[in-house]
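Every chain is numbered from 1 and lettered A, B, ... according to where its sequence line falls, protein lines coming before strand lines.
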Protein chains: 2
Amino acid sequence: MRVTINDIAKKAQVSPSTVSRVIADSPLISAATKEKVLKIIKEMNYHPNIIARSLVNRSSRIIGVVMPGMAEQSFQHPFFPELLAGIASMANKEGYKILLANVATLDEEREMVKELTFGSITAGLILLTSRDQNPTVDQLVEVGFPFVVIGRTENPYVNWVDNDNFLIGYQLVEHFLDQGHRRVAFLGYSPGVTVTRDRLHGYKKALVDHGIPFCEELVVESEFISANGYDLMKRLLALRERPTAVIACDDLLAFGAIKAIHEAGLKVPVDIAVAGINNVPLAEFYNPPLTSVKINAFTLGKKAFEMLQTVLTSDVRSYNRAIIPAELVVRSSSLATKE
Amino acid sequence: MRVTINDIAKKAQVSPSTVSRVIADSPLISAATKEKVLKIIKEMNYHPNIIARSLVNRSSRIIGVVMPGMAEQSFQHPFFPELLAGIASMANKEGYKILLANVATLDEEREMVKELTFGSITAGLILLTSRDQNPTVDQLVEVGFPFVVIGRTENPYVNWVDNDNFLIGYQLVEHFLDQGHRRVAFLGYSPGVTVTRDRLHGYKKALVDHGIPFCEELVVESEFISANGYDLMKRLLALRERPTAVIACDDLLAFGAIKAIHEAGLKVPVDIAVAGINNVPLAEFYNPPLTSVKINAFTLGKKAFEMLQTVLTSDVRSYNRAIIPAELVVRSSSLATKE
DNA sequence: TTGTAAGCGTTATCAC
DNA sequence: GTGATAACGCTTACAA
């Protein structure tokens, strides 16, 4: 049988409330009783029942992290673990525990979030989503539950952290233009996914700013991460006029694309230059080493938790957004070998 | 204000217990009331308070996953996320949620586990540990809390899953002997860590079985994963008689070792052959491609959860151990270029 | 088939 | 300073 606050109270010959006060380190308690109770707590190896405590407090020290995609996939990509590490590092420090929730579909996400919020398991939520319209987000806003989104959402009443995806797209184009390219393709645009759309906007703007006409056929749509860069690239290779450079929305996409390029008997970067985004560990060692953008997922996660804590502790409602800087890492996959 | 079971009861003009029974899908309930209540539940968007439910049931549908090392580090290595993915994939399917707990020290581990068990937040625990003596494990055994260890422990009253690390060590040696090597080093033995020790035992046995004398100086000790393969390798390079092959206890160690070898003006595998363990994604693309052992972390995690569930649901106490097979993946870092 | 009431282990609000 | 007592939201004997 588990030892409860009542057992301690009995043994110490005080009331449960006194024990409770000792635990809470209330100033109203005499040094003598405090000491006595503390000793017995130790002796009996008592630990407060967090569930009971949460029930009466109507709040736990648990925050939920809701990730899209089945567990099998989510963790495949180094981005997620890194993000999680960032969240966990802060959460640990602040005495919060992390509840992991993987959801495969939007419906599942909605149900999960309902369970987590109304079920009052979690004190707050960190939501990983980058769809511009997300019913879960709207619902959360409506009920006023504390949460933070990683990835931009269009609902204005939302705290979020994200990279500057517009800038990322913009800079990648500029990088290629610097290398003398004029036909730059964009691989992996997924309508409705803000991350890719923001990058695409950056891409377009950069073209315009440099007087290059935008060419519809150079934008290849896809599902986000799960997509197959190999197949997408083939579409580009089939064009009458091929691109000379490709921006892939993710490194994994880029790897697939490079494979397709090689199979077509072409060389990277001589025939077609390639750059990815996310800077996965493999990028550096790939053949050729892949130009990419360091996204700082760890910082993204850290910041998300910090924001959530602000929401949790302050009573004024404010809506913040944090932009975590990204960093272009140039490697040989995108470098013109000579002028 | 949150909607509770009482609100539903009032609205439906039944008692709370009836509502509770409807939720539990009790057979004692008439179709009519059931339907009526269900409708109102939907209307009012009611979700049971899991905390309250856990309190009365004295058990939640949450399992804790306790990982050693700070969050920053744990997720660095692909092994952990993969493991986690395995656990999560099963847990999701069975309606369990996962509570993530990172612990930096053994003390922290003990405190965390106490909190998680006595605090009755979690129904069961999955512990990642491979120390042969672990007070946390002993404590868990003592109080009879349901848990499973990933990694072998010596306490016999424990359910655990692990790879056959003895065999892994054994096979790697045989592989090198096949290639004509006779001086095979073992990099990254960490005393007290069963994973490395079992591998070392396999290594020794293989040598003995093939009539090769065991040579103390060829075993380089270290802290486990966090160790620096570069520095460790230097010790081997400083020997009067260098090894011609190196088994590194982890791929990251192997990468460091290769770097040191290259810096010494030697070539892999011509001068010194190298093999790692864990088969991280980078291994395939490293220069040279690294021979490694596929550990199947996903399956490891999956199996761990299955075991835990068995413990959770059955009332007889049994102690099982599962061995997940590993698989040697030969690449050029360990291949003799010619006979 | 349904309702009543007790209790899960805490904390908070009163009294004293 | 400390102790009753009443919640928190749910489940489950036991009654009806």
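Remark: P of C:dG7 and CD1 of B:Ile51 are 23 Å apart, rounded to the nearest angstrom. If you take NZ of B:Lys10 and P of C:dT2, they are 20 Å apart, rounded to a whole angstrom. A straight line from CG of A:Asn49 to P of C:dT11 spans 10 Å, rounded to a whole angstrom. Rounded to an integer number of Å, the gap from A:Ile121 CD1 to D:dC10 C1' is 14 Å. One interatomic measurement links the two molecules: CD of A:Glu35 to P of D:dG1, which rounds to 16 Å at whole-angstrom precision. Between the P atom of C:dG9 and the CZ atom of B:Arg53 lies a distance of 18 Å, rounded to the nearest Å. Protein atom CG of A:Asn6 is 7 Å distant from nucleotide atom P of C:dT10, rounded to whole Å. Put simply, CD1 on B:Ile29 is 8 Å from P on C:dG3, counting in whole angstrom units.
Nucleic acid contact for A:Phe118: none, since no nucleic acid atom lies under 4.0 Å from a heavy atom of the residue. Within 4.0 Å of A:Leu55, counting heavy atoms only, lies at least one base atom of the nucleic acid. The residue A:Ser26 sits apart from the nucleic acid: no heavy atom pair falls under 4.0 Å. As judged by a 4.0 angstrom heavy-atom cut-off over every strand, B:Thr18 is placed among residues touching the sugar-phosphate backbone only.
Side-chain contact, A:Asp107 with A:Thr105: no donor N or O sits under 3.5 Å from an acceptor N or O.
Among D:dC8, C:dT2, D:dC10, the nucleotide with an atom closest to any side-chain atom of B:Leu28 is C:dT2. Of the listed nucleotides (C:dT2, C:dG9, D:dC10), C:dG9 has the atom at the smallest distance from the side chain of B:Arg58. Across C:dC14, D:dG1, D:dT11, the shortest atom-to-atom separation from the side chain of B:Asn57 is found for D:dT11. Looking at the side chain of A:Ser30, the nearest of the listed nucleotides C:dT11, D:dG1, C:dG3 is D:dG1. Comparing C:dT4, C:dC14, C:dT10 by their closest approach to the side chain of A:Arg21 singles out C:dC14.
At D:dG1, none of the side-chain N or O atoms of A:Thr33 fall inside 4.0 Å of OP1 or OP2 (strictly under the cut-off). Note on A:Ser15: every side-chain N or O is 4.0 Å or more away from OP1 and OP2 of D:dA4. Phosphate contact (OP1/OP2 of D:dG9, side-chain N/O of B:Thr4, threshold under 4.0 Å): absent.
Residue-to-nucleotide proximity on DNA chain D shows that, of B:His47 and A:Gln13, the 5′-proximal contact is made by A:Gln13. The residue among B:Val56 and B:Pro16 whose nearest nucleotide of DNA chain C lies closer to the 5′ end is B:Pro16. Residue whose closest nucleotide on DNA chain C sits further toward the 5' end, between B:Lys34 and A:Ile23: B:Lys34.
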Test side chain to side chain contact (heavy atoms under 4.5 Å, CB included) applied to B:Val66 and B:Phe147, step by step: CA-CA 11 Å; B:Val66 183; B:Phe147 77 106; over 6 Å; no

Residue pair B:Asn134, B:Glu109: steps toward the side chain to side chain donor-acceptor pair (under 3.5 Å) verdict: CA-CA 10 Å; B:Asn134 186 326; B:Glu109 179 179 273; 3.1 Å; yes

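A 4.5 Å side-chain heavy-atom check between A:Val161 and A:Arg321 finds every atom pair outside the cut-off. By the 4.5 Å heavy-atom criterion applied to side chains, B:Met90 and B:Gln309 are not counted as neighbours.
For B:Ser17 against C:dT4, a side-chain-to-base donor-acceptor contact under 3.5 Å is present.
In this structure, A:Phe118 and B:His47 have parallel ring planes: the angle between them is below the 30° cut-off, well short of the 60° mark.
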